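Letters go in sequence order (proteins before strands), and every chain restarts at 1. Just so it is clear, the model here is predicted, and its values are computed rather than measured. What's counted below: heavy atoms across the whole structure, side chains too, no hydrogens, waters or symmetry copies.
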Amino acid sequence: MVYGCNAGQEKKAVVFAVGGAPGEVMVWEEVARAFTDESGIPMRILRQPTDTAQRRQGLLVALGSAQRDPDVFLMDIAWLGLFAAGGWLAPLGDVALEPFFIETVRQADIVDGQLIALPFSLDVGIVYYRTDLLTEPVPRTWQALAAAAARAQTRIQPHTPGFYGFVWQGAQYEGLVVNFLDFAGSQGGFLVAGDRILVDSPHNVAALAMMVDFIHTQAISPPNTYTEMKEEEVRRHYQGGDALFARNWPYAYPLHAAEGSPVRGKTGVMPLPAPENGSPAATLGGWHVGVSAFSDARAEAIQFALYLTSRPVQKLLALKLGLPPGRRELYTDEDILEKYPHYELLAEILRSARSRPILPNYTLISEIMQRRLSGALARDYSPAQALAMAQQEIDRMMARTRRDPPGSRPR
Amino acid sequence: MNERQVKKLLVYLGAAATLLFCLGPFVYMLLTGLATEPDFLRPAKAFIPTWDHYHSVLFSETVHFVRYLINSIAISGISAVVSVFIAALGAYALTRLNIPGGRPILLIVLGISMFPPVSLISYLYKLMSALGWMNTYPALILPYIAWTLPLSLWIMVSYLEQVPQELDKAGLVDGCSRLKILVRIILPVAAPGLFATLLLAFIYAFNEFLIALMLTTDQAARTIPVGIALFEGLHGQVAWGEIMAAATVTTIPVVLLTLLFQRRIIQGLTRGAVKA
Amino acid sequence: MTRDHRPASDFRQARQPARRPPLTRDQVRGFWFLSPLFGFIGLFILIPVLGTIADSLFRDIVYLPVRFVFLENFRALWADPSFWSAVRFSALFVLVSVPLEVLLGLGIALVLNEPFALRGWVRACILIPWAIPAAVAGRIFQLVYNFSYGAANYLLDLLSISREPLNWLGSDLSAFIAVVVADAWQTTPFAAIILLAGLAAIPEDLYGQAKVDQAGMVARFRHITLPLLKPVLIVTLLFRTIQALRIFDIIFVLTGGGPGGATESLSMLAYRHFAAGDFGYGSAASVVLFLMAVVAAIAYVRVGRFQET
């Protein structure tokens with residue numbers, strides 16, 4: 001499907017693969033047109049589906065078979081390891097990294113000393129809460145949050161049956177892994193030790209036990225948390241007025257605040273609480289822009305990638321799409337802060353946000369984690385058992401999918 | 001109550017239970033597609049009918065539903081026609097031309113139809129990627145022809161067996177070639193069977209999921225079962241109303257075809273199986 | 001398809017011992033007529049299956065160079081608990097759903113084999129679930145089992161079985177039941193139709209004779225219907241077993257293999273690895289599934305043969 005095709009014969013069109021909601025694609029087309037007007041480089045938009053896994057699949061097909069199109073595309077941060085290992089990303093050359101979150105770029109976009117992507121938009125988990133229902137100060141620890149949630153629930157649930165203290169993403173998908181990392185805090189999560197990924201740690205067991213506890217023992221999270229709750233289910237549950245706290249992404253902010261929303265004007269935003277005797281660590285999400293190594297218009301594609309991450313374009317997209325920008329400097333921009341006052345808090349969280357391991361087999365790691373976390377939430381086995389099993393399976397999988405040691409000659 | 005009455009009672013109870021079982025979920029689908037909110041079964045909620053979901057599914061370009069439907073109809077239609085023609089040729093050879101090992105051929109083809117589709121998809125994926133055909137019609141049509149062939153062949157054989165051999169002889173006397181005899185004489189006589197086979201092959205291809213899931217990436221070639229399975233709202237919510245409206249629009253034609261031609265379909269389905 | 005004749009001629013050579021008389025012109029033409037069939041099946045089914053079997057012996061991961069590892073993938077599968085859980089699920093699913101569906105189908109077939117008003121309509125209606133794509137059926141049942149407003153919990157409440165909503169897809173057992181029920185809805189009609197044809201083929205006068213002999217309804221079913229239906233019953237069981245072994249669509253949509261992988265079938269496991277770019281491992285899993293299907297088919301053919309003699 002080709003949209004906005006400016007049949008430029010003299011110059012090879014740059015093909016930009018991008019997905020997302022219908023409204024978003026319209027904005028993308030505007031941006032592509034503006035770029036063409038400015039640079040004279042014709043653009044084509046290759047439209048991808050909304051679903052993240054499907055978007056990845058589409059790019060995988062094109063890059064895996066070394067096709068010349070698309071030239072430039074957006075990648076979820078979780079795919080970067082795979083795309084880099086496949087040798088599918090062209091180095092972007094010397095770019096001033098100062099205006100970005102340098103730590104993010106270092107974690108995600110620089111591989112073997114080469115800059116192979118740039119953060120286009122960043123995402124990080126935050127907690128929304130009802131300012132009219134929270135009677136105590138904003139909780140700083142998960143325990144305090146649970147206590148506040150339980151109190152509110154006892155007060156409100158009798159006359160509003162669907163009301164729960166705290167909603168979050170527990171369905172078996174990538175979001176579950178991110179939620180788990182959010183619960184685990186800075187001392188838990190994926191610990192990379194050499195070529196081993198460590199998940200079976202006391203901090204992680206405690207975090208998982210807390211998640212199980214929230215659903216089954218304290219019952220401050222609904223029973224369908226681990227069967228149905230993804231970001232939109234959480235967003236709608238909270239927005240319907242049926243929760244005190246909701247862990248979600250920043251995209252929900254303008255929706256909660258929209259006209260007609262039952263929680264409009266009653267919603268506050270706070271950072272993720274800390275685990276007991278630990279400190280919080282938000283898990284970094286978001287989209288990065290990269291250029292195909294097989295591109296037949298590489299220089300032009302790189303020019304477009306830089307254009308997408310330039311200040312005016314980032315600002316425009318942030319204002320129009322509500323996507324938190326990749327450039328740090330925009331989080332202090334007056335126009336943006338006026339529209340999204342919570343960006344000040346976001347910038348603070350983003351500075352210390354932690355990326356998931358950037359590994360080519362991250363999908364396989366995540367799938368193992370999703371199964372075992374979900375099994376623990378369904379109480380098929382204990383949290384300790386779940387993580388012990390996940391550890392064993394990850395170790396085996398890592399051994400099987402390890403890169404050949406340098407020097408060994410593949411067949 | 002004598003035995004006759006007991007039996008009658010059992011039959012009517014059984015029929016009622018069958019209807020409830022088969023139609024219940026189907027009606028639920030219809031209702032949800034027409035309901036403003038999917039929670040109309042909850043105590044305090046009411047069923048408020050609306051055409052909104054149909055409107056958005058049929059007229060909003062961004063959900064690509066119509067495109068999926070067109071893809072599905074075109075891909076399954078082409079696959080079914082080609083498959084049935086190839087099966088007719090094969091069935092003609094097996095029933096008239098005295099092929100050595102005709103029965104084993106039939107059994108081998110039947111055996112092949114039992115291969116799990118998941119054991120094909122990775123190879124097909126690589127093949128279509130190498131040819132640059134990923135996410136195009138041929139990527140699905142070619143495997144679908146092969147996929148529906150065993151079924152088509154079995155049914156066509158069962159129909160052609162019943163067409164009297166004298167017709168061929170008459171044709172040969174008139175100097176027709178074998179191909180001409182098949183196309184001009186035999187197939188018109190076996191037209192009902194041909195039609196039943198076509199219908200079944202179409203439905204099989206239309207309902208296929210795994211190959212389409214693996215070989216398509218977007219609306220350029222994505223078929224409707226995959227479209228509905230992966231249907232998501234603007235931000236990833238499950239839009240039940242739209243999903244069920246889409247499901248209804250998809251299934252109504254197939255269901256109507258099935259109801260109209262139920263006799264033929266049942267005949268076609270059972271011929272192969274009962275004979276085997 | 002310019003090379004379509006190849007499989008046909010290969011076939012001829014393989015099939016034809018030297019001392020047979022040469023083929024007649026009709027037979028040669030017959031093989032030409034069969035060649036597109038062999039061509040399509042060969043190119044798009046047989047070669048892919050052989051390719052998958054070959055690939056299962058390689059470390060074939062999208063970001064790594066391909067390397068021959070012989071049985072390494074199978075060894076890894078053997079050590080993978082999710083593989084065993086998928087094997088267990090697939091086996092259990094066959095053992096529970098196939099008999100259930102064939103029994104239900106037999107019940108429906110027996111009812112529809114009796115004359116009654118509106119019989120044609122009922123027979124038409126049972127085709128509806130069959131005609132709906134399994135993926136769509138999965139969606140319908142996903143809503144049926146929805147925790148907050150699905151029909152399943154509504155029924156529990158209505159029939160006073162449970163006031164508390166049940167989280168259907170949230171425990172191993174109830175998710176298994178949910179999958180079995182959804183699959184039964186979609187596939188029982190197929191069993192019913194085949195069995196109905198089998199019933200219709202039983203000559204009416206056999207029953208007439210039995211009635212004269214004062215045999216009751218149950219006795220007639222046991223002594224006449226069941227033995228005569230046996231071949232059809234076995235065919236139905238075989239078809240259903242093969243289909244149940246490879247279940248994918250409904251699970252992919254309904255449970256996604258959850259909770260915690262409890263309802264993941266072998267097909268799902270293989271697909272999941274293909275989608276993650278791990279082709280060798282996924283191929284190994286599909287080879288195992290393929291072998292299970294072969295074993296099941298052989299077992300049924302054996303039983304069928306045994307019954308005949």
Side-chain angles (χ1 to χ4, degrees), chain A residues 53-54 56-57 60 63-64 81-88 162 171-173 176 215 222-229 233 237 242 359-368 370-381 386 389 392-393 396-397 399-404 408-411, chain C residues 58-69 72-73 75-83 85-86 142 145-150 153 164-175 178 254-264 269 272-282 284:
Chain A
Q54 291 297 314
R56 173 173 162 276
Q57 191 75 4
L60 232 142
L63 295 169
L82 172 63
F83 283 40
W88 302 335
Q172 191 176 333
Y173 78 126
L176 171 58
I215 302 174
N224 61 342
T225 297
Y226 65 102
T227 46
E228 284 164 5
M229 287 291 183
E233 283 74 18
H237 196 97
D242 285 335
L359 291 172
N361 48 9
Y362 176 74
T363 313
L364 293 169
I365 298 176
S366 166
E367 276 177 0
I368 293 171
Q370 288 171 34
R371 285 169 69 94
R372 293 308 171 199
L373 295 174
S374 166
L377 295 185
R379 289 192 296 184
D380 284 350
Y381 26 74
M389 285 190 282
Q392 203 183 20
E393 290 165 44
R396 287 216 188 92
M397 188 276 295
R400 195 165 59 73
T401 61
R402 189 174 305 137
R403 282 213 243 184
D404 299 308
S408 78
R409 282 186 63 86
R411 203 182 56 90
Chain C
F58 286 83
R59 182 195 68 181
D60 181 3
I61 298 169
V62 71
Y63 60 88
L64 292 177
V66 178
R67 201 172 65 191
F68 182 70
V69 294
E72 202 46 56
N73 286 322
R75 209 168 302 155
L77 267 185
W78 190 267
D80 184 350
S82 53
F83 167 72
S85 134
Q142 199 184 17
Y145 296 123
N146 182 288
F147 176 75
S148 319
Y149 43 79
N153 282 332
E164 278 298 302
L166 183 62
N167 191 12
W168 282 94
L169 304 179
S171 82
D172 292 9
L173 180 67
S174 59
L254 181 60
T255 66
T263 58
E264 182 168 271
L269 179 95
R272 208 156 50 73
H273 283 90
F274 292 147
D278 190 353
F279 290 100
Y281 199 71

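Both the backbone and the side chain of A:N224 come within contact range of chain C, each with at least one heavy atom under 4.5 Å from a heavy atom of that chain. Looking at A:Y381, the atoms closer than 4.5 Å to chain C (heavy atoms on both sides) all sit in the side chain, from C-beta outward. If you measure heavy-atom distances from C:N146 to chain A, the contacts under 4.5 Å come from both the backbone and the side chain. Heavy atoms closer than 4.5 Å to chain C are found in the side chain of A:R56, but not in its backbone. Heavy-atom distances place no part of C:S174 under 4.5 Å from chain A, backbone and side chain included.
The side chain to side chain donor-acceptor pair (under 3.5 Å) test applied to A:R396 returns no partner, not counting sequence neighbours. Under the rule for a side chain to side chain donor-acceptor pair (under 3.5 Å), the partners of C:D60 that lie at least two apart in sequence or sit in another chain are B:K126.
Interatomic distance, CZ of A:R379 versus OG of C:S171, reported as 10.0 Å (0.5 Å rounding). Here the CD atom belonging to C:E264 is positioned 4.5 Å from the CZ atom belonging to A:R371, to the nearest 0.5 angstrom.
For the residue pair C:S82 and A:R372, the shortest heavy atom distance occurs at N-NH2, 4.2 Å. Nearest heavy-atom pair across C:G260 and A:S374 is N-OG, 2.8 Å. A:R402 and C:R59 get closest at one heavy-atom pair: O-NH1, 3.5 Å.
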A:T227 vs C:W168, side-chain contact (heavy atoms from CB on, under 4.5 Å): CA-CA, chis, key distance, verdict: CA-CA 9 Å; A:T227 46; C:W168 282 94; over 6 Å; no

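A donor-acceptor contact shorter than 3.5 Å is absent between the side chain of C:Y63 and the backbone of A:F83. At least one donor-acceptor pair closer than 3.5 Å links the side chain of A:E228 to the backbone N or O of C:F147.
Put simply, of A:N361, A:L373, A:T225, the one with the most heavy-atom pairs under 4.5 Å next to chain C is A:N361. For the set C:D80, C:V62, C:L64, the count of heavy-atom pairs under 4.5 angstrom toward chain A peaks at C:L64. Here C:D278 is the residue among C:D278, C:T255, C:I61 with the most heavy-atom pairs under 4.5 Å with chain A. Contact tally against chain A (heavy-atom pairs below 4.5 Å) for C:G277, C:A275, C:A262, C:P165: the top residue is C:A275. Between chain C and the options A:A376, A:A386, A:P360, the largest number of non-hydrogen pairs under 4.5 Å is found for A:P360. Looking only at heavy-atom pairs under 4.5 Å with chain C, the residue among A:L364, A:L60, A:T363, A:L377 that has the most is A:L364.
Side-chain contact between A:E233 and C:S148 is absent, with no heavy-atom pair separated by less than 4.5 Å. Side-chain contact between A:T401 and C:Y281: absent, with no pair of heavy atoms (C-beta onward) separated by less than 4.5 Å. At a threshold of 4.5 Å between non-hydrogen side-chain atoms, the residues A:Q172 and C:P259 do not count as touching. Contact annotation: the side chain of C:P81 approaches that of A:E393 to within less than 4.5 Å [non-hydrogen atoms, C-beta and beyond].
Using a 4.0 Å cut-off between charged side-chain N and carboxylate O, C:E72 and A:R400 make no salt bridge.
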